[in-house]
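For reference, the structure is listed below as structure tokens.
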Amino acid sequence: MNKFSRGALVALLSDRQFHSGEYLGKQLGLSRAAIWKQIRSLQNDGLLIESVHAKGYRLLSRIELLDKDSILLLLPDEQKQKIRLEIFEALESSNQYLMASAPGVDSNTIPVCLVEKQTAGRGRRGKRWQTPYATAIALSLRWKFETDASALAGLSLATGVAVLRTLAANNLYDVNLKWPNDLVCGNKKLAGILIEIVGDAAGPCEVVIGIGLNVTNSTANSAASMLDVDQAWTDVISQVSDKNAVSRNRIAASLISHLLEMLVSFEEQGFQPFRDEFEKKDALLGREVCVQYPGRKITGVACGVNESGGLLLQLDNEVVTITSGDVSVRAMKT
Amino acid sequence: MDIRKVKKLIELLEESGISELEIKEGEESVRISRNSPPSMTPYAMQIPSTAAPMPAATANAPASEQAVSDLPVGHKVESPMVGTYYESAAPGSAPFVQIGQRVKVGETLCIIEAMKILNQIESDVAGEIKAILVKNGDPVEYGQALFIIE
């Protein structure tokens with residue numbers, strides 16, 4: 001089945017009423033057997049669909065597919081005109097898609113892409129990031145900087161702040177940033193960011209910013225959810241009190257808007273305008289952390305970030321600045 | 001042995017701030033290492049010297065005065081940013097390139113990462129990898145030479 005009919009099938013089921021296989025088949029031009037196959041595939045992707053003899057199929061999960069028009073409608077005109085928004089049923093990875101898409105087709109347009117399901121979602125350094133169908137927001141945005149890559153220090157952290165602002169605009173305030181840019185509630189991961197530089201980093205450079213934000217992942221059938229995720233996680237719907245108000249389309253629009261705002265400001269002023277906000281939400285502040293590199297590690301107490309986003313680490317006799325490596329929290333200082 | 005090439009190599013080592021350099025070319029090899037502690041540059045990640053032992057730094061030092069063949073004079077590929085050098089896409093996977101390998105323009109040589117910004121460094125020339133001047137996981141500086149390609 002092609003990607004369109006899968007979305008169409010979900011759309012038919014989204015009223016959460018019973019529909020017979022015959023009815024669904026007729027609507028989509030498929031056989032009953034093909035419908036059954038597709039129902040199975042959706043169930044494997046985490047959707048709760050019950051199948052009752054003589055009644056048909058009924059969707060039990062809450063589902064809100066991403067919709068281009070709904071998202072564009074929520075954006076201010078000047079932002080709407082600047083972007084090229086694409087939404088996919090499935091992609092290997094939204095970052096990979098935008099990394100590969102030919103630059104310069106129209107240099108004034110900012111490519112933005114959203115995907116319902118990533119089949120090879122990527123984290124940093126080969127780590128995988130997978131989520132059930134239509135529960136998370138996997139967004140990538142490609143942006144051209146006039147400066148070279150050396151001026152991008154702090155962009156990771158500023159992007160984290162943009163996501164933080166997005167969540168606050170959607171009634172989720174109790175979120176912190178774990179350097180450089182994981183968003184956490186307590187010790188559970190809510191969102192992650194991966195930025196990749198496209199092409200020549202010596203001249204004006206382009207970046208692809210990828211954001212994975214858990215929204216309703218916990219509502220999916222647990223057997224299919226969060227494959228290969230090796231750390232504690234949470235999602236937006238678990239963290240807010242008004243669960244009915246959670247809308248993937250609204251969060252997606254809000255995220256695009258905050259990212260564009262952040263990028264304009266970052267281009268002019270760098271990390272500085274975001275530093276205070278980062279430090280207020282710094283999950284590592286005052287905690288003993290371990291920075292891991294291939295073959296060695298360094299431990300110290302995190303004491304904020306510098307003007308270009310480097311992590312300040314208090315060692316026995318000196319403060320050092322960390323700009324890379326895997327950071328983990330050792331022990332809670334109480 | 002071409003003493004000018006050895007001299008050039010020593011200069012390269014001094015410029016780059018790395019502590020040890022080994023070049024293999026066929027049967028012959030040269031290793032140049034310095035005994036002084038690694039230089040502490042202000043914006044780099046600084047680590048206690050005990051955390052980064054320099055393997056066999058003194059034992060093999062005389063190697064710098066021994067056999068030398070073709071030395072890597074060639075195009076230097078430099079790091080466009082401060083960060084960590086990774087030889088492969090993910091831990092455990094094969095390095096992008098190895099010494100002796102021929103690369104095309106645009107071929108990925110390594111990844112430099114800083115604060116979760118990943119930068120795939122592509123070759124801006126075609127040729128053979130003559131030297132890899134950094135080790136997996138090494139901190140690198142802006143403008144630091146990473147590869148020599150000829």
Side-chain angles (χ1 to χ4, degrees), chain A residues 95 99 122-128 148-157 159-160 179-182 192-203 205 207-209 271 291-299 305-306 308-311 313 315-326, chain B residues 38 40-55 76-95 105-125 134-144 146:
Chain A
N95 257 35
M99 291 282 287
R122 293 190 295 174
R124 206 179 129 263
R125 300 279 308 137
K127 286 179 187 167
R128 308 224 301 171
D148 66 34
S150 65
L152 298 185
L155 177 62
S156 252
L157 286 73
T159 304
W179 187 92
N181 59 18
D182 277 351
I193 295 163
L194 178 72
I195 299 178
E196 296 179 86
I197 295 175
V198 188
D200 187 9
C205 68
V207 297
V208 172
I209 299 177
F271 176 59
V291 188
Q292 189 85 42
Y293 298 90
R296 64 175 199 278
K297 61 185 178 182
I298 170 172
T299 57
V305 294
N306 73 3
S308 52
L311 174 68
L313 203 59
L315 306 184
D316 289 344
N317 298 313
E318 54 176 340
V319 174
V320 296
T321 305
I322 304 290
T323 56
S324 59
D326 269 335
Chain B
M40 292 290 190
T41 36
Y43 300 107
M45 194 223 46
Q46 299 173 356
I47 45 171
S49 53
T50 50
M54 289 171 286
K76 274 192 247 173
V77 177
E78 296 173 343
S79 176
M81 59 193 244
V82 176
T84 301
Y85 168 86
Y86 291 107
E87 63 181 7
S88 63
S93 59
V105 174
E107 199 164 326
T108 301
L109 301 173
C110 68
I111 288 175
I112 305 292
E113 188 234 335
M115 297 188 246
K116 261 198 199 172
I117 298 179
L118 275 81
N119 197 346
Q120 282 200 9
I121 308 301
E122 296 171 353
S123 184
D124 49 356
V125 293
V134 278
K135 287 203 295 292
N136 195 32
D138 276 354
V140 296
E141 283 299 308
Y142 177 78
Q144 180 175 338
L146 305 173

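Here is how names work: the chains are called A, B, and so on, in the same order as the sequence lines, proteins then strands, and each is numbered from 1. As the structure is a computational prediction, the values presented were derived from the model and not from experiment.
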### Task
Pick whichever of A:L157, A:N181, A:T159, A:L313 has the most heavy-atom pairs under 4.5 Å with chain B.
A:N181
### Task
Could you check which of B:D124, B:I112, B:T84, B:D138 has the highest count of heavy-atom pairs closer than 4.5 Å to chain A?
B:T84
### Main-chain N/O of B:M115 paired with A:S156 side-chain donor or acceptor, under 3.5 Å
yes
#### Entry: For A:L152 against B:I117, the heavy-atom pair lying closest together
O-CD1, 3.4 Å
### Task
Pick one of side chain, backbone, both or neither for A:S308, based on which atoms fall under 4.5 Å of a heavy atom in chain B.
backbone
### Query
How long is the span from the NZ atom in B:K116 to the CG atom in A:L194, to the nearest 0.5 Å?
7.5 Å
### Segment of A:I193 engaging chain B (4.5 angstrom heavy-atom cut-off)
backbone
### Message
To check you understand the geometry: which heavy-atom pair defines the closest contact between B:G83 and A:S324, and what is its length?
### Response
C-OG, 4.0 Å
